[in-house]
Amino acid sequence: MACSATRLLLLLSLLVAAAAAGEYKESYAAAPAVEEVVGGRTEISDAGSNKLVQSLGRFAVAEHNRRLRHGAARGASDPVPVKLAFGRVVAAQKQVVSGVAYYLKVIARDRIAGGGDRPFDAVVVVKAWLKSKELVSFTPSPK
């Protein structure tokens, strides 16, 4: 009786393992064939409609404004000495580093002067396991 139960248990284990391997193979085959370089940047194709990307762009502008308000970014070295109003993120890339670095093309406008939309390049690093976001850079975009 014990031998029969052992055989049944072994058979069930093999069936479960085979089923799991089949699911893994199917999900791997269904993944898009995108050539990625380890540590390289990848394009985020839906940046305009991606809620995470848009919220990171909003964060970048708010953090820039906060730094201006508290004087952390004042001085001749500040490339954007005005407070801005967030418009939208029009392009984005991400790169896995110690966390995920998001390279954003943000459209914003001067809140005080009411100027037109201007592009800015922002880099935000997200460390999900620490629940942290950091604005690494925020500069006018050359294009």
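All residue numbers refer to positions in the sequence shown, counting from 1. Atom set for the values below is all heavy atoms of this structure, side chains included, hydrogens, waters and symmetry mates excluded.
- Residues Q93 and L104 fail the side-chain proximity criterion, which asks for heavy atoms closer than 4.5 Å.
- Geometrically, K94 does not engage Y102 in a cation-pi contact, judged by NZ or CZ lying under 6.0 Å from the ring centre and within 45° of the ring axis.
- In this structure the side chain of I44 never reaches within 4.5 angstrom of the side chain of Y103, judged on heavy atoms.
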* Could you walk me through whether R67 and L135 pass side-chain contact (heavy atoms from CB on, under 4.5 Å), step by step? => CA-CA 10 Å; R67 290 178 182 179; L135 178 62; 3.8 Å; yes
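- Residue K105 comes nearest to P119 through the heavy atom pair CD-CB, 4.2 Å, listed as atom of the first residue, atom of the second, then distance.
- Side chains of F120 and L84 form a contact here, defined as non-hydrogen atoms less than 4.5 Å apart.
- Following chains of ILVMFWY side-chain contacts shorter than 4.5 Å, one can reach L52 starting from V124, so the two form part of one hydrophobic cluster.
- Rounding to the nearest 0.5 Å places CZ of F86 at 8.5 Å from OG of S55.
- The line from NZ of K51 to CD of Q54 is 11.0 Å long, rounded to the nearest 0.5 Å.
- When all heavy atoms are compared, the tightest approach of A122 to A60 is CB-CB, 3.9 Å.
- Residue V126 is grouped with residue V61 when hydrophobic side chains (ILVMFWY) are merged at heavy-atom distances under 4.5 angstrom, including chains of intermediate members.
- Considering only heavy atoms from C-beta on, L56 stays 4.5 Å or farther from V89 through its side chain.
- Put simply, the side chain of S132 does not reach to within 4.5 Å of the side chain of V125, judged on heavy atoms.
- You'll find the side chain of R69 reaches within 4.5 Å of the side chain of K83, heavy atoms only.
- The side-chain heavy atoms of R88 and D117, taken from C-beta on, include a pair separated by under 4.5 Å.
- Not a single donor-acceptor pair under 3.5 Å links the side chain of D46 to the backbone N or O of S49.
- One distance of note links NE2 of H64 with CZ of F59; it measures 13.0 Å at 0.5 Å rounding.
- Of all the heavy atoms in L68 and P81, the pair that sits closest is CD1-C, 4.0 Å.
- A donor-acceptor pair under 3.5 Å is absent between the side-chain atoms of Q95 and the main chain of V100, judged by distance alone.
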